[in-house]
Each structure stands twice: as C-alpha cells, then as structure tokens.
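Single-structure report; data block below.
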Amino acid sequence: MHPAHRALALLVCLAGGTAAAGPDTGSERLRVVDAAERCAEFWRRVPGATPERQARAFEELLRASHPTLYTTDVLGLDAPLSKSVPERLAKAPARFRPDPVRVDEVRRTLDADLQDAAAQFRKTFPGFVSRRPVSVVCSLGAFDGGTRKVEGASMLLFGPDVIATIRPRGFNLRPFLEHELFHVHHEALHPDAPETVGASLWEEGLATYVSAALNPGATHDEISVPDALIAEATPRLPELAGRLLAHLDDPDSGPVYRQFFSGSTEKAPDVPPRAGYVLGWRIAEAAGKTWSLAQLAAMTPVESRVLVEEGLRTLAQSAAGDPRSRSTEKTSSERRTSSTK
C-alpha cells in the first residue's frame, strides 16, 4: 500500500507530546485535531511576501504550535523547511492559491463533516475503528486528504487549503471523506498488505467504488474521478490494462505507480494522470456484482490480487472485442461464487 494510505495506531497529543488512549469502539465520535487554526492567516500573509517572510509566517503561524505535524515528511518537502516552503509557494500557479475565507470555512466545518461521514460509514462497516485522531493540517498544496507518517506512525490528515482550492462551496464532501475513511478501515483489516502497484489498484479502486456506492447520485468529481479523467482514460483502458499486467508486483514507490496514481506536470503525459483510479474502480465495480461491500473489504491480499489480474485481463481483451473476455469473466464469476458456498 502506498505510504499515503496506512493504518492508524496510538492516540497522539499533537500539540507536543504523546499519550496513550483507548481505541474508538466503533460508535464514538472521531477525534479530530485542528492544527490549521491559522491556515487562513498564513495564506493572507504569503502572497507577494519575500521568501524570508514566507518562511517566518510558516514557522510562527503553523509549525510553532504543531511541530510534529509540520515536517518534511508530512508536507513532502526537503529540509530545511525555511527554504523549501518558499520554493513550493513560488512554484504554485496562482489558480491554486486558496481564498483564505474559503479555507476557514472548510476548516470550521470539517469536524462536523467527518462525524457525519463516519456515522454513515459505520452503517455499512460497523467494525470501523480509528485508533489515532484525524488531523486538519495546512498542507501548502501537498494533499486534500490522505495519510502521512507522524512520529513514525501513520495518521489520516486533511488539508483545508487544498480542499478549498479544488472543491467549491456546495460541493458534497462526504464521498471524498468516506473514501479516506475506507482506507483506514481497509488497512486495519489487512495491515500486512503488500505495497505494490497491484495492491494499490485494488485499494484505490475499492475505496472509489465504496464512496460511490455509499453516496448514490454523487458526481464523478465528488467521488474523485472527474469527468475529464474518465473521458481521457476510458478509451485507453484496454491498452493501459494490458500495460499494467506486467507491473502488478512493482513497488508503489516506483515510476509505474507514479504514472498511474499521481498527477503530472507534463503537457502530454504517456499515461492519463490518476488513470489507476479509473482502472481500479472498474475492477471493483465488476466484483461488486458478485460480492457485498463488506465481503470485498474483507478479501485477503491474495484473493484481491486474483481479482485484479483477472479484471485487467478482461479489460485488455476487450480491445479487439475478444470474445474470450466475456467467457473469462463468466468463468471467474462462477469460480468465485462456488468458492463462497
């Protein structure tokens, strides 16, 4: 599994030290730590400021109160932060600079939004447990949501500045939040899942499928696979599926993972950025015709690996209308159904 999606462990007091705490029993409120109280003020100060003043604003407004969160690992920056923070701000296009008013709106409602999403999520996954608090962090463009290493363990984080930039007022956040909550739940079920391209296809595809299934009527943007991505990737799915078959065991730190699951700054990338989400979603969607969401989530890495490989072969064979794709899908479905009896 990619480092951006890991299990959550012991409760951490993010204002400074560490303290042990009992796990969420499955019905308690999520523990949400607001480490972005001054994120809006940061974004008010930094436009047009010198690099020195930008670095000072980062230190005073953000890092001073939450040193365990505002680190190179969490923000994806090189040391020293006094240099890398201004460099990131300088590279960010103007359209990706958030409106401070919107940043504060998102930050102030995230706790309630997360509690609402978790309550619905537990109706389908009653065993959902979060063993660390969820943290709201001024991510400086690094992420809207995902997990990062905090003091050696993984924690679910949300960046209100990025959410404010890419999700306008009136946007339904619940599918996006439940996508991230599913990653927490899935990792808790399979803490030793391999960190490979194949595993990522399943994990991201299933999280996307779950968020869509739990939110009927949600738009493609709201389930994090925008119309533009679907339009670009869909005609190429057979080709892309065939290409991935040879790379299922590649590490999620390698170039193939980045091609299929990350964004791209290239004008004409070889692979549509984040096409792996569409491929994984299609595979999980097909599997959902046979199994429930809970059954899909419970599948072992060995079982899901079989589904991923079969799903990719079916998609690849559909390129030339190969009739084997239909017979393969039927045979696989029959075999899977019989194995559950």
Residues R29, D111: salt bridge by 4.0 Å N-O rule: yes

What distance separates E204 CD from Y277 OH, expressed to the nearest 0.5 Å? 3.5 Å

Could you tell me whether D104 and R38 have a side-chain N and a carboxylate O separated by less than 4.0 Å? no

Evaluate side-chain contact (heavy atoms from CB on, under 4.5 Å) for M299 paired with W291, printing each intermediate quantity in order. CA-CA 10 Å; M299 283 184 175; W291 288 293; 3.1 Å; yes

Run the numbers on E310 and R313 for salt bridge (charged side-chain N to carboxylate O under 4.0 Å, His left out), then give the verdict. CA-CA 5 Å; E310 290 183 346; R313 291 191 186 282; over 6 Å; no

To which residues is L189 joined in a hydrophobic cluster, defined by side-chain heavy-atom contacts under 4.5 Å among Ile, Leu, Val, Met, Phe, Trp and Tyr, whether direct or through other members? none

Minimal non-hydrogen separation, H186 against A297, with atom names: CD2-O, 3.4 Å

Residues in side-chain contact (heavy atoms from CB on, under 4.5 Å) contact with P301, at least two apart in sequence or another chain: H190, A193, P194

Are V162 and V225 grouped together when hydrophobic residues (ILVMFWY) are joined by side-chain heavy atoms under 4.5 angstrom apart? no

Checking R63 now: which residues fulfil side-chain contact (heavy atoms from CB on, under 4.5 Å) with it, not counting sequence neighbours? F58, E59, Y70, L81

Take R167 and D144, measure what salt bridge (charged side-chain N to carboxylate O under 4.0 Å, His left out) needs, and give me the verdict at the end. CA-CA 10 Å; R167 294 180 168 85; D144 53 355; 2.7 Å; yes

Honestly, is R274 close enough over F260, meaning NZ or CZ under 6.0 Å from the six-membered ring centre and within 45° of the axis? no

Looking at R305 and L248, what are the two nearest heavy atoms and their distance? NE-CD1, 3.8 Å

For C138 and W43 the tightest heavy-atom approach is SG-NE1, 3.6 Å

Value rounded to 0.5 Å, distance of CG in N172 from CG in D113: 9.0 Å

Could you check whether R45 pairs with E41 (Lys NZ or Arg NE/NH1/NH2 to Asp/Glu carboxylate O, under 4.0 Å)? yes

Report yes or no: do F171 and V103 belong to one cluster of Ile/Leu/Val/Met/Phe/Trp/Tyr joined by side chain heavy-atom distances under 4.5 Å? no

What's the verdict on side chain to side chain donor-acceptor pair (under 3.5 Å) for E178 and N215, showing C-alpha distance, side-chain angles and the deciding distance? CA-CA 9 Å; E178 290 179 341; N215 296 278; 2.8 Å; yes

Taking the six-membered ring for Trp, are Y209 and F182 ring centroids under 6.0 Å apart? no

The single option from D34, V32, V33 that satisfies side-chain contact (heavy atoms from CB on, under 4.5 Å) with S135 is V33

Determine whether the side chains of D78 and T72 contain a donor N or O and an acceptor N or O closer than 3.5 Å. no

Exercise: identify the closest heavy-atom pair between V137 and P160: O-CD, 3.1 Å

Min side-chain heavy-atom separation L157-L69 under 4.5 Å: yes

Please check: side-chain N/O of E303 versus main-chain N/O of T300, any donor-acceptor pairing under 3.5 Å? yes

From L181 CG over to Q120 CD, what is the distance, rounded to the nearest 0.5 angstrom? 10.5 Å

Shortest non-hydrogen separation from G76 to R88 and the atoms involved: O-NH2, 3.4 Å

Consider only side-chain N and O atoms of H66 and E37, and report whether a donor and an acceptor are under 3.5 Å apart. yes

Among V308, D249, V256, which residue meets the side-chain contact (heavy atoms from CB on, under 4.5 Å) test with V197? V256

